[in-house]
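One structure below.
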There are 2 protein chains.
Amino acid sequence: MERTRSAILAAAASVLARDRAATLPQIAAAAGVGRTTVHRYYPDRDTLIKAAVEDSAQVIGEAVTEARLDEGTPVEALHRLVTAYLSVGDRLVFLFNDPHVMRDYGVDQPDGPPPGDPVLDLIERGQAEGVFDDQSTATWIQHVLWALVYTGIDEVNKGTVSRHGVAATVIRTLERGILT
Amino acid sequence: MERTRSAILAAAASVLARDRAATLPQIAAAAGVGRTTVHRYYPDRDTLIKAAVEDSAQVIGEAVTEARLDEGTPVEALHRLVTAYLSVGDRLVFLFNDPHVMRDYGVDQPDGPPPGDPVLDLIERGQAEGVFDDQSTATWIQHVLWALVYTGIDEVNKGTVSRHGVAATVIRTLERGILT
DNA sequence: CCAAAACGGAACGCTGACGTTCCATTTCTG
DNA sequence: CAGAAATGGAACGTCAGCGTTCCGTTTTGG
């Protein structure tokens, strides 16, 4: 069943995001599936993780594509990007929070989205138009963006901030910093 | 020998910061010591990690204390704090990057410094004086601070940013965000 | 210089997670 | 409804890392 396959991949991403040493039975349970069934789809742990990595990368890629970063002002596009990232929070944390995941199982660069990344394009466009800080490198801004999104996800998971208001908080801090 | 003890603790923090699943022989090797010797000081893995946690917490605590956060303007104090945090980067990453570490081995709160934290005091003072954003909670600002410090440490470890200039970059982004 | 302490290597048993196989049961599908 | 496919439980061997013991070697300190 194809439904089982995606349930396993989603569960793997979700569980491994919270605990990268999660055991295989834990993943199976989270997917509502027996350990045997997991092995039927993915012979060994490495195969499973690699498949989950690719699945997550695709889901994130689609979310970013739908954000249409090349349209509108850079600030508007940035808003859509943050919202898109937050909507796939679990997958983001799974893929990029532990450098080892992408380094060991990723198909492309050790960390961060692949080259030709629309996110980097957006940042560079914003810098070229003079609205994004160009004292910082585009890479730095990109990493700051991720860091704030991660922080927002943590807050939501912890209940400190509502899932509804987190995007606004992340964007405000990202744009203006913490000074008044 | 007391020198051996601190070498083991420092190695544990450093190695576990980079790979939380690091094996015990790896830690011993990083400390320049045999596995047997590690066991002589710390009977089992849990004891070792707990000791490393307490050691790191103390080192970080001293660094923060030396930053004298209650002196000068909040912005000045914030600069000193960022510098202090960056100077103990490895230990910070070890303690707080993986929520499980403090949850399983920490003596106080599951994450972040203990209550009565001078850092929170500083943030609240800055908000009261009207220089720090008070649309955000103090906790949010604190977590953003950590996130940017972590990001700065990553960049340094990766060679993207010089160890010398990273404090200025972190502070600039923290204060003004990424817009011009 | 010599005894005592510290160290490191080797070997052993133990445990938890993994990967495999077998088979009974449930769920599709024609 | 009947055969085929998918599922999940149980049991087994394997293996890596842990914790322990023993003993020879190095370092410390009087």
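By convention in this document, chain letters (A, B, ...) are assigned in the order of the sequence lines, proteins followed by strands, and residues within each chain are numbered from 1. When reading the values below, keep in mind they use all heavy atoms of this one structure, side chains included, and skip hydrogens, waters and symmetry mates.
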Write down the distance between [atom1] ([X]) and [atom2] ([N]), rounded to a whole number of angstrom.
{"X": "B:Gln26", "N": "D:dC18", "atom1": "CD", "atom2": "C1'", "result": "14 Å"}
{"X": "A:Arg40", "N": "D:dG9", "atom1": "CZ", "atom2": "C1'", "result": "11 Å"}
{"X": "B:Arg3", "N": "C:dC7", "atom1": "CZ", "atom2": "C1'", "result": "15 Å"}
{"X": "B:His39", "N": "C:dA10", "atom1": "NE2", "atom2": "P", "result": "16 Å"}
{"X": "A:Glu2", "N": "C:dC28", "atom1": "CD", "atom2": "C1'", "result": "15 Å"}
{"X": "B:Ile49", "N": "D:dG19", "atom1": "CD1", "atom2": "P", "result": "9 Å"}
{"X": "A:Asp19", "N": "C:dA17", "atom1": "CG", "atom2": "P", "result": "11 Å"}

**Request:** Please determine, for the side chain of B:Thr23, which listed nucleotide (D:dG17, D:dT7, C:dA10) has the closest atom?
**Result:**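 Side chain of B:Thr23 sits closest to D:dG17.
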
**Item:** Out of C:dG19, C:dG8, C:dT21, whichever nucleotide has its closest atom nearest the side chain of A:Arg45
**Value:**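 Closest nucleotide among those given: C:dG19.
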
**Separation between CZ of B:Arg18 and CG of B:Asp90, rounded to the nearest 0.5 Å** =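 The CZ atom of B:Arg18 sits 5.5 Å away from the CG atom of B:Asp90.
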
Given [N], is OP1 or OP2 found less than 4.0 Å from the side-chain N or O atoms of [X]?
{"X": "B:Tyr41", "N": "C:dC7", "result": "yes"}
{"X": "B:Thr37", "N": "C:dG8", "result": "yes"}
{"X": "A:Thr36", "N": "D:dA10", "result": "no"}

**Message:** Closer than 3.5 angstrom, by distance alone: can the side chain of A:Glu175 be matched with the main-chain N or O of A:Arg172 as a donor-acceptor pair?
**Reply:**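 No.
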
**Message:** If we ignore hydrogens and angles and just use 3.5 Å, is the side chain of A:Arg80 paired with the main-chain N or O of A:Arg68 as donor and acceptor?
**Reply:**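 Answer holds: yes.
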
**Message:** Using heavy-atom distances to pick each residue's nearest nucleotide on DNA chain C, tell me which of B:Gly34 and A:Ala22 is more 5'.
**Reply:**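 Going by which nucleotide is closer to the 5' end, it is B:Gly34.
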
**Prompt:** Strictly by modelled atom types, are B:Asp44 and B:Thr47 linked by a side-chain donor-acceptor pair under 3.5 Å?
**Reply:**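 The answer is yes; a qualifying pair exists.
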
**Asked** Would you call B:Arg125-B:Asp70 a salt bridge at under 4.0 Å N-O?
**Response**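 No, B:Arg125 and B:Asp70 are not salt-bridged.
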
**Message:** Which is more 5' along DNA chain D, the nucleotide nearest B:Leu24 or the one nearest B:Met1? Just name the residue.
**Reply:**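 In this pair, the answer is B:Leu24.
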
**Item:** Donor-acceptor pair under 3.5 Å, A:Arg35 side chain vs C:dG19 base
**Value:**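 In this structure, the two groups form a donor-acceptor pair.
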
